[in-house]
Number of protein chains: 2
Amino acid sequence: MAVLSDNIESFLISLLQEEENPVILVQRNELASYFRCAPSQINYVLSTRFTLERGYTVESRRGGGGYIRIVKMDLDKNSYLRYLLEEGIGDAMSQDDAITALVRLYESGSISQEQYTLCSSLVTDKTLGVPAPIKDRVRANLMRQMAAVFLRGGSTTANANTNDTFANKK
Amino acid sequence: MAVLSDNIESFLISLLQEEENPVILVQRNELASYFRCAPSQINYVLSTRFTLERGYTVESRRGGGGYIRIVKMDLDKNSYLRYLLEEGIGDAMSQDDAITALVRLYESGSISQEQYTLCSSLVTDKTLGVPAPIKDRVRANLMRQMAAVFLRGGSTTANANTNDTFANKK
DNA sequence: TTTATAATGGTTAAAGAAAGTCAAAGGAGG
DNA sequence: CCTCCTTTGACTTTCTTTAACCATTATAAA
């Protein structure tokens, strides 16, 4: 029962598979007109299928020369990282749970000591400094993003393109 | 999807890199006709890309023999970090300002590319995922903490301490 | 010396070119 | 029929490009 969203999803996945590095740049309107659908359909597909939990990072830029960039992470790299991403981080996370996870990542060699030092200091209640219910949500979001970056690893740094790495960073 | 402004930016950057001293003199009209665009396009590029925040100084002079001079400031290693910590981060910070600061830290050699990649992804609106007023406060807190860790970890790559890193983790 | 003119660069508002958000309508399965 | 997932369309936000008009400086003419 392949429905439109599924088609768009597999189309993007196949584009990714054709790449040497798992990174693609697409244009929302172009894609939408290729599939004859509303442009916002693309956003729907991105937000339901190309999520961090499923191992994707999506960045974009508006205005003239705008684009959408999708990066696929290397999911079978490390099982604890993978677990974290896929199920270990929910909507909210306590400081203790976050630190425990980071310690485990460090001890299993998934992250360096510098990474541990930085990340663990970022997810403390003290650093976040916002009221309780929100704090835990932000922390979960941070942890998820950290896990994604660690999974993506050093080599395939998303912008392995040209030399003007920061030309259009935002 | 590099667009006109991006091309002009990287052209100017490459001119700068060719120089022994990081200073170039260009003429607005000449540049504009080289890129076949409106002269004011040059001003747009200058004001969006060659800003003080990004470490550039732009001076100019009108009339016959007029010119535009672009100087890349000498980014000495930790002074920007100190500035950030002491005054550069207020109660709130936008995504743009945070990314710009991180780029500058990277370019001045204060942080590694991995650190840049991780941190810049953590301070995005998308990652934080909370409503507007709070977002900017959390971001400021994160940036301050990052700056503190980087300054402490300083030149000799941080690991000068012992093995009791995890003694009082929680 | 004063004045006009040509040669520069600056500013700003409007149009153009993407992408994002959100709520409402549509459908398919239980 | 109820719920959840999908699809659409109207509206918003962000970034870029252009064009018309403004300001300054050097130089040649008076």
Side-chain angles (χ1 to χ4, degrees), chain A residues 1-12 24-51 53-54 56-71 164 166-170, chain B residues 1-12 24-51 53-54 56-71 94-100 124-132 135-136:
Chain A
M1 221 45 68
V3 79
L4 180 52
S5 288
D6 297 331
N7 291 334
I8 298 175
E9 177 187 13
S10 39
F11 178 75
L12 291 175
I24 55 173
L25 279 183
V26 297
Q27 295 210 260
R28 191 178 79 148
N29 291 336
E30 198 182 313
L31 241 191
S33 77
Y34 179 75
F35 282 100
R36 284 140 200 261
C37 63
S40 56
Q41 179 77 35
I42 306 304
N43 297 86
Y44 176 71
V45 173
L46 292 174
S47 63
T48 55
R49 271 103 164 143
F50 292 83
T51 62
E53 281 88 347
R54 296 199 187 184
Y56 297 95
T57 299
V58 177
E59 304 157 78
S60 65
R61 180 181 171 187
R62 303 190 190 188
Y67 58 80
I68 295 176
R69 166 199 265 144
I70 306 174
V71 184
D164 59 350
F166 301 108
N168 35 21
K169 62 196 169 55
K170 300 177 200 166
Chain B
M1 319 259 151
V3 77
L4 180 54
S5 289
D6 297 331
N7 292 333
I8 297 175
E9 177 188 13
S10 38
F11 178 75
L12 291 174
I24 55 175
L25 280 182
V26 296
Q27 296 209 268
R28 191 178 80 148
N29 291 335
E30 196 183 317
L31 241 191
S33 77
Y34 179 75
F35 281 99
R36 284 143 198 252
C37 63
S40 56
Q41 179 78 37
I42 306 305
N43 297 86
Y44 175 71
V45 173
L46 292 175
S47 64
T48 56
R49 271 104 162 141
F50 292 84
T51 63
E53 296 303 309
R54 295 194 184 187
Y56 295 94
T57 300
V58 176
E59 303 155 77
S60 64
R61 190 170 169 197
R62 305 185 188 192
Y67 58 82
I68 295 176
R69 164 199 262 140
I70 305 175
V71 183
S94 73
Q95 168 175 320
D96 272 15
D97 289 350
I99 300 284
T100 301
T124 60
D125 289 350
K126 208 172 147 193
T127 294
L128 298 178
V130 284
K135 214 170 38 182
D136 292 346

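Naming convention: chains lettered A, B, ... in sequence-line order (proteins, then strands); numbering from 1 in each chain.
Under the rule for a ring pair (Phe, Tyr, Trp, His ring centres under 6.0 Å), the partners of A:Phe35 that lie at least two apart in sequence or sit in another chain are A:Phe11. Considering only residues two or more places apart in sequence or on other chains, A:Ser5 meets the side-chain hydrogen bond (donor to acceptor under 3.5 Å, both in side chains) condition with A:Gln41. Legend: residues meeting side-chain hydrogen bond (donor to acceptor under 3.5 Å, both in side chains) with A:Glu30, ordered by chain and number and at least two apart, are absent. Residues forming a side-chain contact (heavy atoms from CB on, under 4.5 Å) with B:Arg62 (at least two apart in sequence, or on another chain): none.
Proximity of residues 62-71 of chain B to DNA chain C (heavy atom under 4.0 angstrom from any strand atom) is restricted to B:Arg62, B:Gly63, B:Gly64, B:Gly65, B:Gly66, B:Tyr67, B:Ile68. Contacts between residues 28-38 of chain B and DNA chain D, defined by a heavy-atom separation below 4.0 Å, involve B:Cys37, B:Ala38, listed by number.
Of the side-chain N and O atoms in A:Gln41, none sit less than 4.0 angstrom from OP1 or OP2 of D:dT6. The side chain of B:Tyr44 places an N or O atom within less than 4.0 Å of a non-bridging phosphate oxygen (OP1 or OP2) of D:dT16. The phosphate of D:dT17 has OP1 or OP2 within less than 4.0 Å of a side-chain N or O from B:Ser5.
The closest side-chain heavy-atom distance from A:Ile68 to A:Leu31 is not below 4.5 Å.
Residue B:Val3 places its side chain closer to D:dT17 than to any other of C:dT21, D:dT7, D:dT17.
D:dT14 atom C1' lies 17 Å from atom CD of A:Glu59, rounded to whole Å. In this entry the distance linking CG of B:Asp125 with C1' of C:dA19 reads 15 Å, nearest Å.
Side-chain to base pairing of B:Ser40 with D:dA19: one donor and one acceptor N or O lie within less than 3.5 Å of each other.
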